[in-house]
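Throughout, protein chains are lettered first and strands after them, A, B, ... in sequence-line order, and every chain is numbered starting at 1.
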Number of protein chains: 2
Amino acid sequence: MSAGNAPPVGFEKHDHSACVAQALAAAEARCAAEGLRLTPVRRKVLELLLQKHRALGAYAILDLLRDAGFGSQPPVAYRALDFLAEHGFVHKIERLNAFVACSHPGETHSPAFMICRLCDAVAETQSTPAKGALGAAARAAGFHIEKTVVEAEGICPACAEKPKA
Amino acid sequence: MSAGNAPPVGFEKHDHSACVAQALAAAEARCAAEGLRLTPVRRKVLELLLQKHRALGAYAILDLLRDAGFGSQPPVAYRALDFLAEHGFVHKIERLNAFVACSHPGETHSPAFMICRLCDAVAETQSTPAKGALGAAARAAGFHIEKTVVEAEGICPACAEKPKA
DNA sequence: TCTTGGCATGTTATTTCATATCCTGTCTTG
DNA sequence: CAAGACAGGATATGAAATAACATGCCAAGA
């Protein structure tokens, strides 16, 4: 990570403890409804990502897991992250090799991300990549799209205002 | 890499030795025109990526460099790749942590990729991600996009035809 | 109850990807 | 020629991801 104490939020402010609790409750509800097992490690990883509200590398998560009394070897974190990502509770940011909690729980998922080059803040939005030029190219080539990664790198509003902070 | 001898091509067939030579010549011309230094290592890396015509990891490139008599330590490959990527001769596939030679030399570059989940074949096309929902979201959020990564994962035509190969 | 099977987790080790740092040679340019 | 810039070699290390194997838990069925 290029910044140790970057702005913790998508880009806009919001009440945090409330949104963490709410998101965790929603995740629990969905897991119960779908027969998924939100085990202690998985729940903890999701909670950590929700609390930090920024992209965390697997090894950063691992440190936090250790602090919380869980196992601290790579597979512990990766397995939890695989589960959470598979079911859309978190997303992987390929550009950063890092993970963020999903900001749009429940919605149809074709996420796109805006990543600040200076502070690593990440904001999630929706995209429809298969609708445009990419979708046309895929159809023309006979390629069947299953999933898309859309990540925009640039400068977030906060960093744009303090160019030399 | 999940396949050792996957189809070597974007998806469609074409004459290969010709396109390699042509691309190399074009790269040399452009470097000469812009005062860039296409040194032996850099040229070799580009040539290798053009020949293989598929995504190669840095360490695979490194092995090939060693075979060709160049240095074989990681920085050798990464420095060459950084140079080539910076000037648009190759692209990094974030999803694979690998690199491919550019298929559209010279054109305005906002590439998008289709990556086969089964054979790792990669095809390049153009995208205009900032035109659609993503661009709108960025403007609304005050985010300034500098570069975008668009990578679609799915099944290529060849693999679709032989489901159980 | 026992036990069997599935699943999650823990542990160790290794592979793969990427970068930092230092040094040397070469080329250019004043 | 001296000074500076840049490319590249060498060593080391950091960081991400997975392989392989062992253990613990819990629920279904004999």
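- Note on B/Lys44: every side-chain N or O is 4.0 Å or more away from OP1 and OP2 of D/dG8.
- A cation-pi contact, defined as under 6.0 Å to the ring centre and within 45° of the axis, is absent between A/Arg42 and A/Phe89.
- Rounded to an integer number of Å, the gap from CZ of B/Phe83 to P of D/dA7 is 8 Å.
- Per the geometry, CD belonging to B/Gln73 stands 15 Å off C1' belonging to C/dT16, to the nearest Å.
- Separating the CD1 atom of B/Ile61 from the C1' atom of C/dC17 is a distance of 12 Å, rounded to the nearest angstrom.
- Here the nucleotide nearest the side chain of B/Pro75, chosen from C/dA8, D/dA12, D/dA7, is D/dA12.
- One finds a salt bridge joining A/Arg66 and A/Asp63 here, because a Lys/Arg side-chain nitrogen approaches an Asp/Glu carboxylate oxygen to under 4.0 Å.
- The interatomic distance linking B/Leu81 (CG) with C/dT19 (P) rounds to 11 Å, in whole Å.
- Looking only at distances, no side-chain donor or acceptor of A/Ser72 sits under 3.5 Å from a matching main-chain atom of A/Leu62.
- To the nearest angstrom, C1' of D/dA16 lies 13 Å from CG of A/Asp63.
- Clustering ILVMFWY residues whenever any of their side-chain heavy atoms sit less than 4.5 angstrom apart, transitively, puts B/Leu134 in the very cluster that holds B/Phe143.
- Contact check, A/Asn97 against D/dA17: a side-chain N or O comes under 4.0 Å of OP1 or OP2.
- A/Leu84 has its CG atom 10 Å from the P atom of C/dT9, to the nearest Å.
- Nucleotide C/dT9 holds its P atom 11 Å from the CG atom of A/Leu65, rounded to whole Å.
- With A/Leu49 as the fixed residue, the side-chain contact (heavy atoms from CB on, under 4.5 Å) test singles out one of A/Val90, A/Leu64, A/Val100: A/Val90.
- B/Arg42 has a side-chain polar atom (N or O) that falls below the 4.0 Å cut-off from OP1 or OP2 of D/dG8.
- Residue B/Arg37 is classed as a sugar-phosphate contact, given heavy-atom separations below 4.0 Å to backbone atoms only.
- For A/Lys92, a side-chain nitrogen or oxygen approaches OP1 or OP2 of D/dA17 to under 4.0 Å.
- Dashed line: the shortest gap from a side-chain N or O of A/Ser72 to OP1 or OP2 of C/dG10 is not under 4.0 Å.
- B/Tyr59 qualifies as a stacking partner of the C/dC17 base, centre to centre under 5.5 Å and near-parallel within 30°.
- The distance between atom CG of A/Leu56 and atom P of D/dA15, rounded to the nearest whole Å, is 14 Å.
- DNA chain C is contacted by both B/Arg79 and B/Phe99; B/Phe99 maps to the nucleotide lying nearer its 5′ end (nearest heavy atom per residue).
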